[in-house]
Amino acid sequence: MTVPPLRLSGEVEGALGGGRPVVALESTIISHGLPRPRNLEVACELEQTVRERGACPATVAVLDGSVCVGLTPAELERVAGDASLRKLGRRDVAPALAAGASGATTVSSTAWLSALAGIRVFATGGIGGVHRGYVESFDESADLVALSEARVTVVSAGVKSILDVPATLERLESLSVTVLGYQTEYFPGFYLHSSGRRLDWSVRTPAEVAEVMRRQDELGITSALLVANPVPEADQLDPELHDRAIAEALASAESEGVTGQRLTPYLLASLVRATGGASLEANLAAVRGNARLAAEIAVAFAYSVPNSRSPKSPSPGTM
Ligand code: PSU
Ligand code: MN
């Protein structure tokens, strides 16, 4: 069931062929989003978390001109250790394949490649979105448009709070990407439990997410379903430190003229320094929670029988 030009690992191929739950994991968070050598530990831990919850992990990367869906331990080590690895958005995958190149995949490319492989659920930390200062820079992550064009359920702790969160929510609406708050009626704030922005739909269980996926399938909807899963309040970054550190990171990116693909990794790394590592812990707590929930959703979708329950519309003022 290998779909060219994908190279599925034996484990992933077996799981997909047998209708068993699979969770895709992106590799840019490993190669560009987290400091070495902790990144390798995290990459292994995320795969382990998915397995413990009864799903098969499929970390995605492009290696030597092949799209790899499911990596060997040595390949995972390469992704985590090779500082020269490129960051590949959806538009970069074809030239990378043509050149026989290697790179880590972002949310935009991983969503596309997972859907191509037939994987229905994908976990990340926080998707990209509209950058602050968008009006001058026009910097909007390719993740948003990509989500509108890939049928995959993406579990994310909102969008990275280095971004313009309200503008990103507006764009998700324009792009018709359905957003479900997971056990919350507020859009999460990545490092923070809540961004303070209300959502239109909220679900309580993995089975309820699976039910929305089935309904979308019935309707022929081929865009992503974004499940917004907040970092637990106990693990969030102190909100004051958060605001201060982001202001510092944005100012230093501007004064150093950092733009394009480098901006997000630069901001994330500056935050780790400015918060004495606290932002890293909050980021990791978010990613772990997302991998866990993604596995639970994949299991619910693969095994549960359809029911007729729909997501509830949150009643105002119930949180
Ligand atoms: N989530 C994290 N850390 C990350 C990312 C997500 O916790 O580093 C990565 C994802 O790969 C996402 C990318 O697609 O950041 C966004 O980059 P950009 O803003 O350049 O589109
Ligand atoms: Mn960008």
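Indexing begins at 1, ligand by ligand and atom by atom, following the structure's order.
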Legend entry - Of all N/O/S atoms in D139, the name of the one nearest the Mn ion (ligand 2): OD1
Could you list each nitrogen or oxygen of ligand 1 that sits under 3.5 Å from a protein nitrogen or oxygen, with the atom names and the distance?
from, atom 1, to, atom 2, distance (Å)
ligand 1, 1 (N), G126, N, 3.1
ligand 1, 1 (N), G126, O, 3.2
ligand 1, 7 (O), N283, OD1, 3.0
ligand 1, 11 (O), E26, OE1, 2.7
ligand 1, 11 (O), E26, OE2, 3.3
ligand 1, 14 (O), V107, N, 2.8
ligand 1, 14 (O), D143, OD1, 3.2
ligand 1, 14 (O), D143, OD2, 2.8
ligand 1, 15 (O), K160, NZ, 3.2
ligand 1, 17 (O), K87, NZ, 3.2
ligand 1, 19 (O), T264, OG1, 2.6
ligand 1, 20 (O), K87, NZ, 2.7
ligand 1, 21 (O), S141, OG, 2.6

Inset, instruction - Specify whether an N/O/S atom of E140 falls short of 2.8 Å from the Mn ion (ligand 2). - result: no
Inset, instruction - Could you tell me whether E41 and R36 make a salt bridge, using a distance below 4.0 angstrom between a side-chain N and a carboxylate O? - result: no
Legend entry - Cluster check V12, V93: I/L/V/M/F/W/Y, side chain < 4.5 angstrom: yes
Legend entry - E254, CD: over 12 other non-hydrogen atoms inside 6.0 angstrom: no
Inset, instruction - Using the side-chain contact (heavy atoms from CB on, under 4.5 Å) rule, pick out the option among V227, V287, L226, I127 that qualifies with V155. - result: V227
Inset, instruction - With the side chain counted from C-beta on, respond yes when L76 and C44 share a heavy-atom pair under 4.5 Å apart, and no when they do not. - result: yes
Legend entry - Carboxylate-amine/guanidinium contact D64 R7, below 4.0 Å: no
Legend entry - R215/E211 ion pair, N-O < 4.0 Å: yes
